[in-house]
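Working notes, beginning with the structure itself.
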Amino acid sequence: MKTVESPSSLILLFGATGDLAKRKLYPSLYNLYIKGQLSDRFAVVGVARRLKNDAELREWVKDSILTYGESENEKDINAFTSHFYYQSHDVTDSASYKQLKTLVDRLDKEYELGGNRIFYLAMSPEFFGTVAEHLKEDGLTDTNGFKRLVIEKPFGHDLQSAIKLNNQIRKAFDEDEIYRIDHYLGKEMVQNIEVIRFSNAIFEPLWNNRYISNIQITSSETLGVEERANYYDKSGAIRDMVQNHMMQMVTLLAMEPPIKLTTDEIRSEKVKVLRALRPVDKKNIHDYFVRGQYGKGQINGKEVVGYRQEMNVPEDSNTETYFAGKLLIDNFRWAGVPFYVRTGKRMAAKSTKIVIQFKDIPMNLYFKTGSNLKPNLLVIHIQPDEGITLHLNVKKAGQGIVTTPIKLKYSTKGVDGMNTPEAYEKLLYDCLRGDATNFTHWDEVALSWQFVDEISAVWENEPAVFPNYPAGSMGPKEADLLLEKDGFSWWSIIDE
Ligand SMILES: NC(=O)C1=CN([C@@H]2O[C@H](COP(=O)(O)OP(=O)(O)OC[C@H]3O[C@@H](n4cnc5c(N)ncnc54)[C@H](OP(=O)(O)O)[C@@H]3O)[C@@H](O)[C@H]2O)C=CC1
Ligand SMILES: O=C1O[C@H](COP(=O)(O)O)[C@@H](O)[C@H](O)[C@H]1O
């Protein structure tokens, strides 16, 4: 990890007019600029087709900050956007890369950037390989400074396509120059998992199969497929959410303490978790994994259509919009502890939450006193709330010894008194500083694909009975049975 706090760099942004750039990247870069975490010596070259010139891009960026950012200070915004330049460029057209190189070299001198270059691919994945190859062939990666490639998800569609893409980008960039974005790794409370585990004497000794009965990870959304059916219908929940975000949370919860907090040491521990995942038992897949697709229903009191009635979705689509699974990690620490994972669209609430359920103590003295005894839980609230809750049993005030469950709560928003930074802001800053810890290494990507491919292969050959959950619910009943047969049930994602 490097230590420069506000390094100068050129950022070459492919997909400068896209949704991601507009909603996330410009407001995040602007926040870094305002906080002084972006050196004044920076320039952004936006690449897309629909705009004409620098002035139009600067207006576009300004509009993005005013719409999605937290500032209305025109003077600051204008100063920020003056660093933006535009090249109208079809990425499939080889000739335009020469022009791009001329512009980049000029800005490098003008802003004294020392040849530092970040190439950000915020466009459809079909272009990732082509762009990376051109960057090398046309000399854009020939530089005396650092060169880094930031690549958006999805990283491939399955293991085979991910390998092909990786080979293409590795021709132009070394592994340590590739920053594969998983925006969950930029979330405040996802980054907090390691701190909670490794800095608290009361948790780490209990963090194993002797004391934990099961771990539940839920990421539910109320949104449907929106305008993304062309992508989503070919992916489904397993590729869109499980292969990346959900698996990443599993690795952070299950990994061994790293020797040091360095990128390589942390990644190496995460990889070991993925290697220890019990392979998918294809013959008994229904005992471990459940898929679902939403039908019509109600979200926040409003009628919404089913997935198959959404724009650009085939009316017989077999794509899952819901996934639930029981993952087993066959190693010394976790043997016998199920990790239940579920995610879906059009569910009852927007929430990402992790519940660590501890085992009941072997002989509870208060069991027969008419007490209300509940298992100890550690709940990590990822979003929309950020914080942790510890569920304990205490004596109910008054005469006699009767127990009652209570919750100890910590909310990061409450304590820090300010909104935590947007995930993209943190990840962009990490990339500028050369810290790849919160980006995914190729080995993690490959192992995650290998795991989910096995499930997809079975599902793709079996017709599904869809729709099987109404919009606004918590998913199909089979997902409840998954836990019930192990003697557990899903903990509520709604805070009481
Ligand atoms: N949007 C989001 O919230 C998220 C997006 N992502 C990922 O980020 C990436 C971008 O997504 P998103 O912004 O939504 O996509 P959009 O479709 O909104 O934007 C695509 C961008 O690519 C440009 N583009 C398309 N074809 C070409 C071409 N031939 N030559 C040059 N530019 C081209 C478009 O510009 P123009 O039409 O002007 O040429 C536009 O700027 C994808 O990989 C997506 O999976 C990941 C997580 C969340
Ligand atoms: O990567 C993706 O994530 C979003 C959910 O992200 P969150 O930060 O709002 O939890 C999901 O809607 C989208 O389908 C997926 O591509």
Side-chain angles (χ1 to χ4, degrees), residues 12-28 45-52 56-57 60-61 64 68 86-97 100 120-131 134 150-157 165 180-190 217-249 307 310 319-323 343-347 349-353 381-384 386 420 422-424 426-427 440 493:
L12 191 45
L13 177 61
F14 291 87
T17 54
D19 176 72
L20 181 73
K22 190 154 195 161
R23 284 192 308 111
K24 303 281 184 190
L25 304 184
Y26 298 141
S28 298
V45 176
V47 171
R49 294 164 306 176
R50 79 187 77 159
L51 302 179
K52 290 196 197 72
E56 282 194 6
L57 177 65
W60 189 276
V61 175
S64 136
Y68 300 105
Y86 181 72
Q87 159 127 345
S88 178
H89 167 125
D90 187 322
V91 294
T92 57
D93 170 15
S94 307
S96 350
Y97 290 88
L100 197 54
Y120 198 124
L121 306 189
M123 57 190 318
S124 167
E126 70 189 277
F127 298 119
F128 291 168
T130 314
V131 176
H134 273 298
V150 184
I151 189 157
E152 271 297 339
K153 61 166 287 221
F155 197 91
H157 178 76
L165 171 60
R180 297 179 191 83
I181 289 254
D182 183 313
H183 78 278
Y184 268 57
L185 295 181
K187 290 185 190 284
E188 185 65 22
M189 289 307 296
V190 173
I217 310 174
T218 302
S219 192
S220 59
E221 296 187 74
T222 49
L223 287 179
V225 67
E226 311 301 299
E227 281 110 47
R228 297 171 67 215
N230 289 337
Y231 149 73
Y232 191 87
D233 198 60
K234 292 189 209 86
S235 298
I238 194 168
R239 293 186 170 96
D240 186 48
M241 290 291 292
V242 180
Q243 184 272 338
N244 36 67
H245 312 318
M246 306 304 282
M247 297 293 264
Q248 283 295 319
M249 288 190 280
Y307 178 72
E310 300 272 21
T319 300
E320 80 286 348
T321 59
Y322 177 97
F323 171 99
T343 181
K345 294 210 178 277
R346 285 284 191 233
M347 292 176 65
K350 168 78 180 166
S351 170
T352 303
K353 203 165 276 189
H381 307 259
I382 311 280
Q383 61 185 14
E386 291 178 353
T420 53
E422 165 70 50
Y424 272 96
K426 290 205 219 165
L427 295 175
T440 42
I493 54 152

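This one's a predicted model, so the numbers in the text were calculated from it and none came from an experiment. Just so you know, residue 1 is the first one in the sequence shown, and it goes up from there. Whatever order the structure lists them in is the order used to number ligands and atoms, beginning at 1.
- With hydrogens left out, the protein atom closest to atom 30 (N) of ligand 1 is Val91 N, 3.0 Å, a heavy atom.
- Closest to atom 9 (O) of ligand 2 by heavy atom, among Glu422, Lys350, Gln383, His245, is Lys350.
- Looking at atom 10 (O) of ligand 2, its nearest protein heavy atom turns out to be Tyr184 OH, 2.5 Å.
- Distance remark: protein heavy atom not present below 4.0 angstrom from atom 17 (O) of ligand 1.
- Minimum interatomic distance between Leu57 and Leu51 (heavy atoms only, all atoms of both residues): CA-CD1, 3.8 Å.
- When Lys153, Glu152, Glu226 are checked for heavy-atom proximity to atom 44 (C) of ligand 1, Lys153 turns out nearest.
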From CA spacing to verdict: salt bridge (Lys or Arg N to Asp or Glu O under 4.0 Å), Glu56, Arg50: CA-CA 10 Å; Glu56 282 194 6; Arg50 79 187 77 159; over 6 Å; no

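- Side-chain N or O atoms of Lys426 include none that pairs as donor or acceptor with a backbone N or O of Leu185 at under 3.5 Å.
- Ligand 2 has no atom lying under 4.0 Å from any heavy atom of Tyr232.
- Proximity to Asp90 (heavy-atom distance under 4.0 Å) selects the following atoms of ligand 1: 28 (C), 29 (N), 30 (N).
- Close approach of ligand 2 to Lys345 (heavy-atom distance below 4.0 Å) involves ligand atoms 11 (C), 12 (O), 13 (C), 14 (O).
- Taking atom 16 (O) of ligand 2 as the reference point, the nearest protein heavy-atom neighbour is Asp240 OD1, 2.6 Å.
- Below 4.0 Å from some heavy atom of Pro125 lie the following atoms of ligand 1, by number and element: 43 (O).
- In this structure a side-chain-to-backbone donor-acceptor pair under 3.5 Å is missing from Gln87 to Val45.
- Using a 4.5 Å heavy-atom cutoff, the side chains of Phe323 and Arg239 are not in contact.
- Among protein heavy atoms, atom 11 (C) of ligand 2 sits closest to Glu221 OE2, 3.5 Å.
- Residue Thr17 has at least one heavy-atom neighbour below 4.0 Å for each of these atoms of ligand 1: 34 (C), 35 (O), 36 (P), 38 (O), 40 (C), 41 (O).
- Side chain of Lys353 to main chain of Ile493: a donor-acceptor pair is present (N/O by atom type, distance under 3.5 Å, no hydrogens or angles).
- Closest heavy-atom approach to atom 15 (O) of ligand 1 within the set Asp19, Asn244, Val47: this belongs to Asp19.
- Contacts between Arg49 and ligand 1, counted as non-hydrogen atom pairs separated by less than 4.0 Å, involve both the backbone and the side chain.
- In this structure, the side chain of Arg346 engages the main chain of Thr222 through a donor-acceptor pair within 3.5 Å.
- Side-chain N or O atoms of Gln248 include none that pairs as donor or acceptor with a backbone N or O of Thr440 at under 3.5 Å.
- In this structure a side-chain-to-backbone donor-acceptor pair under 3.5 Å is present from Tyr26 to Ala16.
- If you number the atoms of ligand 1 from 1 as listed, the ones under 4.0 Å from a heavy atom of Ala122 come out as 9 (C), 10 (C).
- Taking all heavy atoms of Arg50, His89, Lys24 into account, the minimum distance to atom 31 (C) of ligand 1 is reached by His89.
- Ranking protein heavy atoms by distance to atom 3 (O) of ligand 1, first place goes to Arg23 NH2, 2.6 Å.
- Residue Phe127 touches ligand 1 through its side chain alone, judged by heavy-atom distances below 4.0 Å.
- Close approach to Ala16 involves these atoms of ligand 1, each under 4.0 Å from a residue heavy atom: 41 (O).
- Taking all heavy atoms of Met123, His183, Glu227 into account, the minimum distance to atom 24 (N) of ligand 1 is reached by Met123.
- Arg23 contributes no side-chain N or O that, together with a main-chain N or O of Tyr68, makes up a donor-acceptor pair within less than 3.5 Å.
- Near Gly18, with a cut-off below 4.0 Å to any heavy atom, the atoms of ligand 1 are 13 (O), 18 (O), 19 (O), 40 (C), 41 (O).
- Two residues are said to be in side-chain contact when any heavy atoms from C-beta on lie closer than 4.5 Å; Val131 and Val47 fail this criterion.
- In terms of protein heavy-atom proximity, atom 21 (C) of ligand 1 is nearest to Gly15 CA, 3.7 Å.
- By the 3.5 Å distance cut-off applied to N or O atoms, Lys153 is counted among the residues near ligand 2.
- What you find for Glu152 and Tyr424 is that their closest heavy atoms are OE2-OH, 3.0 Å.
- Distances from atom 13 (C) of ligand 2 to the heavy atoms of Arg228, His183, Lys187 put Arg228 nearest.
- For ligand 1, the atoms lying closer than 4.0 Å to a non-hydrogen atom of Pro154 are 45 (O).
- For atom 12 (P) of ligand 1, the nearest non-hydrogen atom from the set Ile151, Thr92, Leu20 belongs to Leu20.
- Judged by distance alone, the side chain of Tyr86 and the main-chain N or O of Ala48 form a donor-acceptor pair under 3.5 Å.
- In terms of N/O distances under 3.5 Å, ligand 1 is not approached by Leu51.
- Using a 4.0 Å cut-off between heavy atoms, Phe128 contacts ligand 1 through its side chain alone, with no backbone atom that close.
- Under a 3.5 Å cut-off, the side chain of Ser220 and the backbone N or O of Ala349 do form a donor-acceptor pair.
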